[in-house]
Amino acid sequence: MLDLFAEAEPWREPLAPGAVILRRLALEKAPQLAADIQAVARRAPLRQMVTPGGYTMSVAMTNCGPLGWTSDRRGYRYSAVDPLSGEPWPPFPASFTALCREAASAAGYGDFQPDACLINRYAPGAKLSLHQDKDEPDLRAPIVSVSLGLPALFQFGGLRRSDPLRRMLLEHGDVVVWGGDSRLFYHGIQPLKPGIHPLTGDCRYNLTFRQAGKKE
Ligand code: SIN
Ligand code: FE2
C-alpha cells in the first residue's frame, strides 16, 4: 500500500530559464548544516547590517568562506575579513561544500566553485526586499540558496523590478538555484510568519553560495 506519510524523496520544480527549486534536497543534511551555522556564528556573530541608505536590515547576517558580503554606510561589498573582528571569515564547513556541490550539479552547474556563503537569519517579521544579486563580478556563476527552519514566501520576478512576480513557499530543506538567463532576476522574501520549527526554533536560516571573486 502507498504510504502517504513516508518522507518524500527530493523533487525538482522548474522556476525560470536557468533556475530550479530542488525541493527537500537539504533535508537529510539539515541537522549538520544547522550545527555548522551555530559554529560559524560563534566566531563571526550574526549581525544586522546597515544599508548605504542608513536603514538597518531586519535580517541578521554573517558569512563563511574566503569572501563575505557586507554592507555599511559606504556601500555593499565582498570582503576577505569580518569587519567586526578584522579576522578572516570562518572557512566553509564540509557539510556546506558537499551540499552546494550536490545542488549545483543537480541544477546543471557542475563547475560551480563558490568562494562566499552568506548566512541569513530571519526572525518573525524579518524580510528581504526585492533585489538583484549583482555584486559578483562573474555572472556566469549561479546562486545556490538553501532554506532551513520556518517556511518563507519567496518572490521571484524577472530582469526588471516591475516584472510580474511568482510567489512560492520555501520550506525546510528546499534549495533554489538560479543562473544563466535568470541570474539577475529580482527576488525577495516576504515578512516571516511566526512559528516554531523543530530544528531551528523560532527562525528561518538561508544560506546563499556565490562566486564573488574571479575563478581560479
Ligand atoms: C537572498 O536573496 O540573498 C536570500 C533569499 C532567501 O532568504 O531565501
Ligand atoms: Fe539575493
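Atoms within each ligand, like the ligands themselves, are counted from 1 in listed order. Scope of the values below: all heavy atoms of this structure, side chains included, with no hydrogens, waters or symmetry mates.
Remark: Leu33 CG to Tyr205 OH distance equals 12.5 Å, nearest 0.5 Å. The CZ atom of Arg210 sits 14.5 Å away from the CG atom of Asp138 when rounded to the nearest 0.5 Å. Atom CE of Met61 and atom OH of Tyr122 lie 6.5 Å apart (nearest 0.5 Å).
Glu13 and Trp11 share a side-chain donor-acceptor pair at under 3.5 Å. Residues Tyr78 and Glu136 bring a donor and an acceptor atom of their side chains to less than 3.5 Å of each other.
Atom 7 (O) of ligand 1 has Tyr122 OH, 2.5 Å as its closest protein atom, hydrogens excluded (heavy atom only). The closest protein non-hydrogen atom to atom 1 (C) of ligand 1 is Leu128 CD2, 3.5 Å. Nearest protein heavy-atom contact of atom 4 (C) of ligand 1 is Asn206 OD1, 3.3 Å.
Using a 4.0 Å cut-off between charged side-chain N and carboxylate O, Lys29 and Glu102 make a salt bridge. Electrostatic pairing of Glu171 and Arg24 counts as a salt bridge here, judged by a charged N lying under 4.0 Å from a carboxylate O.
Backbone and side-chain nitrogen or oxygen atoms of Asp133 are examined, and none is located within less than 3.5 angstrom of a nitrogen or oxygen of ligand 1. Residue His187 places at least one N or O, backbone or side chain, under 3.5 Å from an N or O of ligand 1.
Geometry note: the Fe ion (ligand 2) is the vertex, His131 NE2 and His187 NE2 are the arms, and the angle is 90° (rounded to 10 degrees).
Residue contacts with ligand 1 include Arg210, since one of its heavy atoms falls under 4.0 Å from the ligand.
Residue-level check: among N/O/S atoms of Asp133, OD1 sits closest to the Fe ion (ligand 2).
Close approach to Arg204 involves these atoms of ligand 1, each under 4.0 Å from a residue heavy atom: 6 (C), 7 (O), 8 (O). For ligand 1 and Asn120, the ligand atoms under 4.0 Å from any heavy atom of the residue are 3 (O), 4 (C). Counting atoms of ligand 1 from 1 in the listed order, those under 4.0 Å from a heavy atom of Ile189 are 5 (C), 6 (C), 7 (O), 8 (O).
Under the 4.5 Å side-chain heavy-atom criterion for ILVMFWY residues, a single connected hydrophobic cluster contains both Leu46 and Phe96.
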